[in-house]
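Values below: all heavy atoms of this structure, side chains included; hydrogens, waters and symmetry mates excluded. So that the names make sense, note that chain A is the first sequence line, chain B the second, and so on, each numbered from 1.
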Amino acid sequence: MERLLEGLNAQQREAVTWSGGSALVLAGAGSGKTRVLTSRMAWLMQTGQVEAEAVLAVTFTNKAAREMVTRLGALARGNAREWWVGTFHGLCHRFLRLHYREAGLPAQFQILDMTDQQSVIRRVLKSLHVEDDQLSLRQAQQAINRYKEQGLRAAVVERHSAVHRLIQEVYEVYERQCQTDGTVDFAELLLRCVELWQRSGALRDHYQARFKAILIDEFQDTNALQYRWLKLLRGPHAEVFAVGDDDQSIYSFRGAEVANMRHFERDFAVQKVIRLEQNYRSTGTILDAANALINHNTQRFGKTLWSDSERGRPIRLFAADNDESEARFVVGDMVSHQAEGARLSEMVVLYRSNAQSRVLEQALVAQKVPYRVYGGLRFYDRQEVRHALAYLRLVVAPDDDQAFLRVVNFPPRGIGARSLELLQQAAQEAGNSLSRSAAGMTLAGKAGQGLRQFLETLAYLRTEVESGRALADVTRTLLERSGLLDYYRQDKGGEERIANLEELISAVYSFVEQQSSDLVTFLAHASLEGGELEAHDGVDSIQMMTVHAAKGLEFERVWIVGMEDGLFPHDNALGEPRGLEEERRLAYVALTRARQHLTLSHARARVLHGQLRYGKPSRFLEEIPEALCLKLGMEQGDRRNESYHATSSLSRSPWRVGQRVRHAKFGEGTVLAFEGDGAEGRLQVNFRDFGIKWLALAFAKLTGL
DNA sequence: ACTACGAGACTTTTT
DNA sequence: GTCTCGTAGT
């Protein structure tokens, strides 16, 4: 048991062994919060204070949940399957499967992910003849989710203006459609739980009595509904242990409320706020920069990161002429770091928005540097995979109209718009789902034949599932019989899609091996865990991602590009009252990802939305003390704004940024910057063995490589 | 039923 | 610049 506490600092230890009721832990970046969280769980169990089944731990991402289970498995005994550790949505799903009847759901209810939800709403908008200029799909989706997060049903929603009345109507029809389809969207998972506990005292009492210790990670990211959920679940004798960092709250745009941290202190009678301020990740210089930056925010809980580690290198600032030269610089710079012996996978380029990745990718391709972009299309989002899943869905939940419409004529089997119209009409009149009314209907000609074939395929698959055939086999049969495989075989460029469908079969197979052989459970898994693709190729490559995607990760060497006003902070954020502060927190998250090396760059001009735009250096750059920085490509000691403009054009340099050169004395290096004019100028070079040097071109003997 | 073309968006995004 | 959606035309 003592082993659990070994190597923890005083504050971490205090948090792990705390026993005075609910607690709030303010855990700074890199302060070992996951370790504290898992150690505390293990501590509660090992000291016998709480039984394993009385502990519930909530995270936001599946990845975090998985990590917690893994770490806990190493610390505590017991069956990981039975622990209530998961995401808010995952846990709600578990509750609802157990109590679907009380929650008013069919046994086979399905989960809609964002894309699914979008298609349902699109259909609703169409059926109500809502034009795009009255209410866009995006607006409608956002409004519905906002309402649900406020706990508001369509029946009680405001109707003051025409738009609100329209939204209300859409919301109402959407609710009804989901109910008949037997589907729930993400917010609905939470809302159903909340309503269920509010309605059924017995059920609420049961769970309140059961969970004695509730732990929550990333508390600053909770929304109003999640907070309500928590308040309902917490019984009179339970303690809630919340870990969060108000300075890393970067998701308010999707409803996260940092204010929940303050409410929590009050509502849960928190006696003690524990601060984890010792950082085990970054150099002193990087922490100083991050602290200085975040100090410009008001309304903080207040927390200052410090560390025992070395000062480290200065933070490098680079001013580029345009986005392309910025990209060339970054790539060349990374290559020279690699030449120093650093691994590419320990280097990351962070950017504010996804659109920025393109220029970088081009530069990487040009210099033949392997890279990996995070945050692309996820496995279960691919068209062909979604088609296949829609079939599987119809196998277990025939009444799901959405799934029905998706694949009734895919691959094409002659069921056109006219037939579907007839079908929908018949279904409406009979108050039936599409597939039920389709079963009792005879269509003429090709459409009738196609429909019959479609229904027969589904019926056949159902018998397969009922007879207990292995799910992977059923999936293969489905792909063959539905004609999906044939369709993509004939499709030019369909090889990748076929490969993905094969991949789906293996995904089903390994899911059955590892978790469950139940099809409904698999489908829920597919919706809840989008199937992020891990880098399984063994190639050492540069990492690229948005700052949001980098939260929770750390890297040896970090480059942050596009540090310009308008981009970072982003223009659109400045309109919101608290927008700038959130952008600053985002910048704070970005800086604190770096362990040893940090480079920030901006471009004086860049192509955005297909137009050339000129931008000033980000105000955040000015908020970082100059003494911590080393400016590349400009006179040292110059004050910021002035000097940024004083730097002369690289076009007058005989050398290009990113170019590899050899010096008689210093050896190999990469050109970082140039100033001056032609042969009169000075060149800044990062030498592999001698570091960064300024060289007067008139004297230096350089050769290109 | 499929394709081709044009309009309009476009910050961040997990579940 | 690039994607997605919707429509008009074949």
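Nucleotide B:dT11 holds its C1' atom 17 Å from the CE atom of A:Met545, rounded to whole Å. When the C1' atom of B:dT11 is taken as reference, atom CE of A:Met563 falls 15 Å away, rounded to whole Å.
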Can you name the atoms? Protein N/O to nucleotides 12-14 of chain B N/O, anything below 3.5 Å, with the distance.
residue, atom, partner, partner atom, Å
B:dT12, OP1, A:Asn354, N, 2.6
B:dT12, OP1, A:Asn354, ND2, 3.2
B:dT12, O4', A:Arg352, NH2, 3.0
B:dT12, O2, A:Arg352, NH2, 2.7
B:dT13, OP1, A:Thr546, OG1, 2.6
B:dT13, OP2, A:Asn354, ND2, 3.2
B:dT14, O2, A:Arg254, NE, 3.2
B:dT14, O2, A:Arg254, NH1, 3.3
B:dT14, O2, A:Arg254, NH2, 3.3

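Residue contacts for A:Ile415: at a heavy-atom cut-off of 4.0 Å it reaches the sugar-phosphate backbone alone, with no base atom in range. Nucleic acid contact class of A:Asp113 (heavy atoms, under 4.0 Å, all strands): none.
In the model, A:Gln248 has no side-chain atom that pairs as donor or acceptor with a side-chain atom of A:Gln220 under 3.5 Å. Checking A:Gln117 against A:Asn145 by side-chain atom types alone, a donor-acceptor pair falls below 3.5 Å. A donor and an acceptor atom, one from each side chain of A:Tyr207 and A:His99, are located under 3.5 Å apart.
Figure legend: A:Arg97 and A:Phe109 shown as a cation-pi pair, the cationic atom lying under 6.0 angstrom from the six-membered ring centre and within 45 degrees of its axis.
The 5' end of DNA chain B is approached more closely, in terms of each residue's nearest nucleotide, by A:Pro412 than by the other of A:Phe88 and A:Pro412. The nearest heavy atom of DNA chain B to A:Asn572 and to A:Gly414 marks one nucleotide each, and the one closer to the 5' end goes with A:Gly414.
Atom P of B:dT13 sits at a distance of 16 Å from the matching atom of C:dT4, rounded to the whole Å.
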Per-nucleotide protein contact string for nucleotides 1-6 of chain C, where B marks a base within reach and S marks sugar-phosphate only (heavy atoms under 4.0 Å, - for neither)
BS--SS
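The CZ atom of A:Arg497 sits 15.5 Å away from atom CZ of A:Arg489, with the distance rounded to the nearest 0.5 Å.
Distance alone, capped at 3.5 Å, is enough to place a donor-acceptor pair between the A:Arg413 side chain and the A:Ser482 backbone. Of the possible polar contacts, none joining the A:Asn500 side chain to the A:Phe379 backbone as a donor-acceptor pair under 3.5 Å is found.
Considering only residues two or more places apart in sequence or on other chains, A:Phe264 meets the ring pair (Phe, Tyr, Trp, His ring centres under 6.0 Å) condition with A:Phe219, A:Phe268.
Ring-plane geometry between A:Phe95 and A:Phe211 is classed as perpendicular, the angle between the planes exceeding 60 degrees on a 0 to 90 degree scale with a lower cut at 30.
Per the stacking criterion (ring centres < 5.5 Å, plane angle < 30°), A:His570 stacks onto the base of B:dT11.
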